[in-house]
Amino acid sequence: QKEVEQDPGPLSVPEGAIVSLNCTYSNSAFQYFMWYRQYSRKGPELLMYTYSSGNKEDGRFTAQVDKSSKYISLFIRDSQPSDSATYLCAMRKGQGAQKLVFGQGTRLTINP
Amino acid sequence: GAVVSQHPSWVICKSGTSVKIECRSLDFQATTMFWYRQFPKQSLMLMATSNEGSKATYEQGVEKDKFLINHASLTLSTLTVTSAHPEDSSFYICSAKNTGGSYEQYFGPGTRLTVT
């Protein structure tokens, strides 16, 4: 079993829809949770960063962490064609921990 | 802020030759940099962790003699793929940990290596 599971998709939605992306994980030691966006043939770009359980909002993006269920989500409101990319969840243990563990990534397409 | 560059962005080399990829943190200091490998439609696989002034720590299954990492300064790490073979063709991405900021990793744009 992988430490972090993420549905690779592909996921295709119409412009303006609310997109829900999620990951599950098995190691309860993870405390820091990130979402990265990666366009084709580019490096990942940090979108959201959260610590422990709770919600965090930044513009059209909302990240949720439920540590009791070992489940994290990223919501995109008013989705735009420019949001079409691969979204990777990542997580790590304590603040001094170096290693990020990534999900497989979900390929998202927003159709105009 | 938190910009990481990689050079070259794309390189083609012949089998048996070596190729060096540079990773630079442009506007912050990074005592730690990471090298990842990514195959098409797959996630990032951590190859090694590079600490400035010390030897890199390689992940299990990564050949340290084939993938040479040098982190000579707080803003530069290099990955040298020695005696490259076609199976080394991949997308190589570095990241840098901003020790002066949020401690998160910021990624470079990646280097596409094709070995013929």
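Chain A is the first sequence line, chain B the second, and so forth, proteins listed ahead of strands; every chain is numbered from 1.
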Grouping I, L, V, M, F, W and Y whenever their side-chain heavy atoms are under 4.5 Å apart, do [X] and [Y] come out in a common cluster?
X	Y	result
A:Leu47	A:Phe30	yes
A:Leu74	A:Val101	yes
A:Met91	A:Leu88	no
B:Val11	B:Phe91	no
A:Trp35	A:Tyr32	no

Would you mind listing every disulfide bond (SG atoms under 2.5 Å apart) that reaches into residues 6-77 of chain B, with sequence neighbours excluded?
B:Cys23-B:Cys94
Please lay out, stage by stage, how B:Gln105 and A:Leu46 fare under the test side-chain contact (heavy atoms from CB on, under 4.5 Å).
CA-CA 8 Å; B:Gln105 294 183 31; A:Leu46 180 64; over 6 Å; no
Atom [atom1] of residue position [X] - does it have more than 12 heavy atoms of other residues, nucleotides or ligands inside 6.0 Å?
X	atom1	value
A:Arg77	CZ	yes
B:His85	NE2	yes
A:Lys67	NZ	yes

Please classify the contact between B:Gln6 and chain A as side chain, backbone, both or neither, with a heavy-atom cut-off of under 4.5 Å.
neither
Quick check on the structure: residues of residues 102-112 of chain A within a heavy-atom distance below 4.5 Å of chain B, by number.
A:Phe102, A:Gly103, A:Gln104, A:Arg107
Under the rule for salt bridge (Lys or Arg N to Asp or Glu O under 4.0 Å), what residues qualify as partners of B:Arg112, not counting sequence neighbours?
none
Is chain B contacted by the side chain of A:Tyr36, its backbone, both, or neither, given a heavy-atom distance below 4.5 Å?
side chain
Apply side-chain contact (heavy atoms from CB on, under 4.5 Å) to residues A:Gln38 and B:Ile93 and explain how you reach the verdict.
CA-CA 12 Å; A:Gln38 185 177 25; B:Ile93 307 175; 3.8 Å; yes
Value for CD (A:Gln6) from OG (B:Ser43), rounded to nearest 0.5 Å, stands at 7.5 Å
Beyond-backbone contact of A:Leu100 with B:Leu46, side-chain heavy atoms, under 4.5 angstrom:
no
For chain A, find its close neighbours in residues 61-83 of chain B: heavy-atom separation under 4.5 Å, sorted by number, or none.
none
